[in-house]
Q: 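Following this message is one structure expressed as structure tokens.
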Amino acid sequence: MHTKFVRGYLAYFGVLWLVYSLVVWVRLDWLAHFSGIDFFHTPHGVIEGRAMYGGLEAALAIFAILGAVRPEKYLLVNCLLWGMINTAFVIARIVGIVVDGGTFAVPFGVLPDSWNAGAMYFLEAPSALIFGSYWVHQTRSGA
């Protein structure tokens, strides 16, 4: 896998996460609508939502963008981090769908039913494969 492709994907990934986190920071109710998360009825829940889905994800997104812009310092560590995070997302979604109920189908346009499988198929699984395989290849080749 070429470094140029991974850098481009990391830039895309970082911008996507940054926009998402900023939107959620401002409009936490959108996250509740799209995902079905419904604990934003108290100040404590709202603060937690803004901190985790806004603040933390914005910082992670900026780190991803740094990996694309400064690959000599941040590309490999980004690939390791995002490979691990996205693999954990995939495993947690599979376990959650099996244990807690849900579907592996993606009923497009039906929210929040399509949220878990859709995120897994179209963002998290491909990202885990791209970042993880690049990291493995680079560390095995001694780069």
Side-chain angles (χ1 to χ4, degrees), residues 1-40 44-143:
M1 189 173 304
H2 295 286
T3 300
K4 198 174 201 179
F5 170 77
V6 173
R7 285 179 64 195
Y9 187 76
L10 190 58
Y12 156 78
F13 188 83
V15 168
L16 182 69
W17 268 68
L18 185 60
V19 168
Y20 170 79
S21 67
L22 295 176
V23 166
V24 169
W25 198 326
V26 174
R27 293 294 312 262
L28 201 53
D29 59 310
W30 288 4
L31 177 64
H33 170 73
F34 291 127
S35 69
I37 296 172
D38 195 23
F39 61 83
F40 306 128
H44 308 293
V46 171
I47 292 166
E48 185 66 17
R50 287 193 207 285
M52 294 301 293
Y53 294 96
L56 174 64
E57 289 184 2
L60 287 168
I62 292 166
F63 187 67
I65 294 167
L66 277 172
V69 174
R70 301 283 309 273
E72 67 284 352
K73 287 183 122 177
Y74 302 111
L75 183 59
L76 276 181
V77 71
N78 257 282
C79 288
L80 176 61
L81 175 70
W82 287 111
M84 291 170 56
I85 287 173
N86 283 291
T87 299
F89 274 142
V90 170
I91 292 168
R93 289 191 195 281
I94 290 170
V95 169
I97 289 169
V98 170
V99 172
D100 301 315
T103 179
F104 287 100
V106 182
F108 290 101
V110 180
L111 290 170
D113 296 348
S114 62
W115 183 267
N116 286 303
M120 180 174 61
Y121 294 141
F122 300 113
L123 180 65
E124 295 156 357
S127 297
L129 291 171
I130 290 168
F131 296 133
S133 64
Y134 183 81
W135 182 83
V136 167
H137 180 265
Q138 292 300 308
T139 55
R140 282 194 179 163
S141 67

Q: Nearest 0.5 Å, please: how far is CG in N116 from CD in E124?
A: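 Here the interatomic distance stands at 8.5 Å.
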
Q: Under 30°, 30 to 60°, or over 60°: which ring-plane class applies to W17 and Y20, parallel, tilted or perpendicular?
A: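 The arrangement is perpendicular - the two ring planes meet at more than 60°.
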
Q: Nearest heavy-atom pair of A64 and G14: which atoms, and what distance?
A: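 In this case the closest contact between A64 and G14 is CB-CA, 3.8 Å.
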
Q: To the closest 0.5 Å, what do you measure between CE (M52) and CG (L31)?
A: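 Rounded to the nearest 0.5 Å, the CE-CG separation comes out at 12.0 Å.
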
Q: Distance check, rounded to the nearest 0.5 Å: L60 atom CG versus L18 atom CG?
A: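 These two atoms lie 11.0 Å from each other.
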
Q: Would you name the heavy atoms of T3 and L75 that are closest together and state the gap between them?
A: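 So the two residues come closest at CG2-CD2, 3.6 Å.
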
Q: Report the residue from F122, F13, W82 that forms a side chain to side chain contact (heavy atoms under 4.5 Å, CB included) with S127.
A: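 Testing S127 for a side chain to side chain contact (heavy atoms under 4.5 Å, CB included) against F122, F13, W82 leaves exactly one candidate, F13.
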
Q: Between F89 and R93, is there a cation-pi geometry (under 6.0 Å to ring centre, at most 45° from the normal)?
A: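 Yes, a cation-pi geometry.
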
Q: Atom CH2 in W135, atom CZ in R140: separation rounded to 0.5 Å?
A: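 Between atom CH2 of W135 and atom CZ of R140 there are 9.0 Å.
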
Q: Check for a donor-acceptor pair, side chain of N78 on one end and backbone N or O of F63 on the other, with a separation under 3.5 Å.
A: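 Yes, the answer is positive, given that a donor and an acceptor are paired below the 3.5 Å cut-off.
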
Q: Provide the closest heavy-atom pair for A117 versus T103 in the form atom of the first, atom of the second, distance.
A: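 Result for this residue pair: CB-O, 3.6 Å.
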
Q: Check this for me: does any side-chain nitrogen of one of E48 and R50 sit under 4.0 Å from a carboxylate oxygen of the other?
A: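 Salt bridge: no.
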
Q: What is the minimum heavy-atom distance between Y53 and V24, and which atoms define it?
A: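 Y53 and V24 have their closest heavy atoms at CB-CG1, 3.5 Å.
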
Q: Do you know which two heavy atoms are closest between P126 and M120, and how far apart they sit?
A: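 Closest approach of P126 to M120, heavy atoms only: CD-O, 3.8 Å.
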
Q: How about F131 and Y134: are their ring centroids closer than 6.0 Å?
A: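 No; Y134 has its ring centre 6.0 Å or more from that of F131.
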
Q: Provide the closest heavy-atom pair for L10 versus A68 in the form atom of the first, atom of the second, distance.
A: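 Heavy atoms of L10 and A68 come nearest at CD2-N, 3.7 Å.
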
Q: State the CG-CG distance between N86 and L81, to the nearest 0.5 angstrom.
A: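 These two atoms lie 9.0 Å from each other.
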
Q: Give a yes or no on whether F104 atom CZ has more than 12 heavy-atom contacts from other residues, nucleotides or ligands under 6.0 Å away.
A: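 Counting neighbours around CZ of F104, more than 12 heavy atoms of other residues, nucleotides or ligands fall under 6.0 Å, so yes.
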
Q: Supply the atom-to-atom distance E57 CD to L16 CG, rounded to the nearest 0.5 angstrom.
A: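 One gets 10.5 Å once the value is rounded to the nearest 0.5 Å.
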
